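The structure appears right after this line, and notes come after that.
Computed from a predicted structure; not experimentally measured. Side chains are part of it too, since the values below use all heavy atoms of this structure and drop only hydrogens, waters and symmetry mates.
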Amino acid sequence: QEQLVESGGGLVQAGGSLRLSCAASERTFSGSAMGWFRQAPGKEREFVSAISGASIYTYYADSVKRRFGISRDNAKNMVYLQMNTLKPEDTAVYYCAAGLTAQAMAESSLATDWGQGTQVTVSS
């Protein structure tokens, strides 16, 4: 049984927007920090954004600050990534992740659970 399931990826033109969603199991979501990572072809997986359990703290990679927004709905065990002003360099497989703290996810890419990923392709 998958613990984290992403959706919302697709093909979009540069400058467009997408909203990624991640559905989590209760066991995985409750009390966990949640985050998003991405991996572009030929590159290592990199941190994108993370949010603490009570949504008090959020973290973003410099490359996505002021363009992406992370949020979570604790009643629905969902986490979202709103991506605006998309660029071709944002093209990657995006992974939802759960971890102990948002700071650890941001600073050390530490996560305990991973989703299967959803493809985001931004055309120029």
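In this structure, Gly53 and Asn74 approach most closely via the heavy-atom pair O-ND2, 2.9 Å. Across all non-hydrogen atoms, the minimal contact from Thr85 to Asp90 is O-OD2, 4.4 Å. When all heavy atoms of Met105 and Ala50 are compared, the closest pair comes out as CB-CB, 4.1 Å. Among all heavy-atom pairs drawn from Arg67 and Leu86, the shortest one is NH1-CA, 3.9 Å. When every heavy atom of Ser17 is checked against every heavy atom of Asn84, the shortest pair comes out as OG-OD1, 3.0 Å. Minimum interatomic distance between Ala33 and Ala102 (heavy atoms only, all atoms of both residues): CB-N, 3.2 Å.
In this structure, Asp62 pairs ionically with Lys65, as a charged nitrogen and a carboxylate oxygen lie closer than 4.0 Å.
For Arg72 and Phe29, the positive end sits near the middle of the six-membered ring, less than 6.0 Å away and at most 45° from its axis. In this structure, Arg45 is positioned above the aromatic face of Tyr95, its NZ or CZ under 6.0 Å from the six-membered ring centre and within 45° of the axis.
Looking at Tyr60, its side chain does come within 3.5 Å of a backbone N or O of Ile70 through a donor-acceptor pair. Side-chain N or O atoms of Ser32 include none that pairs as donor or acceptor with a backbone N or O of Ala98 at under 3.5 Å. Between the Glu6 side chain and the Gly117 main chain, a donor and an acceptor come within less than 3.5 Å of each other. The closest donor-acceptor contact from the side chain of Ser49 to the backbone of Trp36 lies at 3.5 Å or more, if one exists at all. The closest donor-acceptor contact from the side chain of Thr118 to the backbone of Gly9 lies under 3.5 Å.
Linking ILVMFWY residues whenever their side-chain heavy atoms come closer than 4.5 Å, directly or via other members, leaves Leu18 and Val93 in distinct clusters. The same ILVMFWY cluster, assembled from side-chain heavy atoms under 4.5 Å apart, contains both Phe68 and Val12. In the hydrophobic clustering of ILVMFWY residues, with side-chain heavy atoms under 4.5 Å counting as a link, Met34 and Tyr80 come out apart.
Using a 4.5 Å heavy-atom cutoff, the side chains of Leu4 and Thr28 are in contact. When side chains are defined from C-beta on, Gln103 does not count as touching Tyr57, because their heavy atoms never get closer than 4.5 Å.
Taken from CG in Asp73 to OG in Ser21, the straight-line distance is 10.5 Å, to the nearest 0.5 Å. Taking SG from Cys22 and CE from Met78, the interatomic distance works out to 7.0 Å, rounded to the nearest 0.5 Å. Taken to the nearest 0.5 Å, the CD atom of Glu44 stands 9.5 Å off from the OG atom of Ser109. Atom OG of Ser124 sits about 9.5 Å away from atom CD of Gln13, to the nearest 0.5 Å.
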Exercise. Could you walk me through whether Val120 and Thr91 pass side chain to side chain contact (heavy atoms under 4.5 Å, CB included), step by step?
Key: CA-CA 5 Å; Val120 171; Thr91 295; 5.9 Å; no
Quiz item: Going through the distances and angles, do Glu26 and Asn77 end up as a side-chain hydrogen bond (donor to acceptor under 3.5 Å, both in side chains)?
Solution: CA-CA 6 Å; Glu26 173 69 24; Asn77 296 341; 2.9 Å; yes
Exercise. Go through Val79 and Cys96 one step at a time and tell me if the side chain to side chain contact (heavy atoms under 4.5 Å, CB included) criterion holds.
Key: CA-CA 8 Å; Val79 62; Cys96 178; 3.7 Å; yes
Exercise. Determine, stepwise, if the pair Tyr94 / Gln39 fulfils side chain to side chain contact (heavy atoms under 4.5 Å, CB included).
Key: CA-CA 7 Å; Tyr94 283 71; Gln39 186 168 21; over 6 Å; no
Exercise. Could you walk me through whether Arg19 and Leu81 pass the side chain to side chain contact (heavy atoms under 4.5 Å, CB included) test, one step at a time?
Key: CA-CA 6 Å; Arg19 187 195 195 206; Leu81 185 69; over 6 Å; no
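Ring pair Phe47/Phe37 is perpendicular by interplanar angle, where above 60° counts as perpendicular and below 30° as parallel.
Checking Ser25 against Gln3 by side-chain atom types alone, a donor-acceptor pair falls below 3.5 Å.
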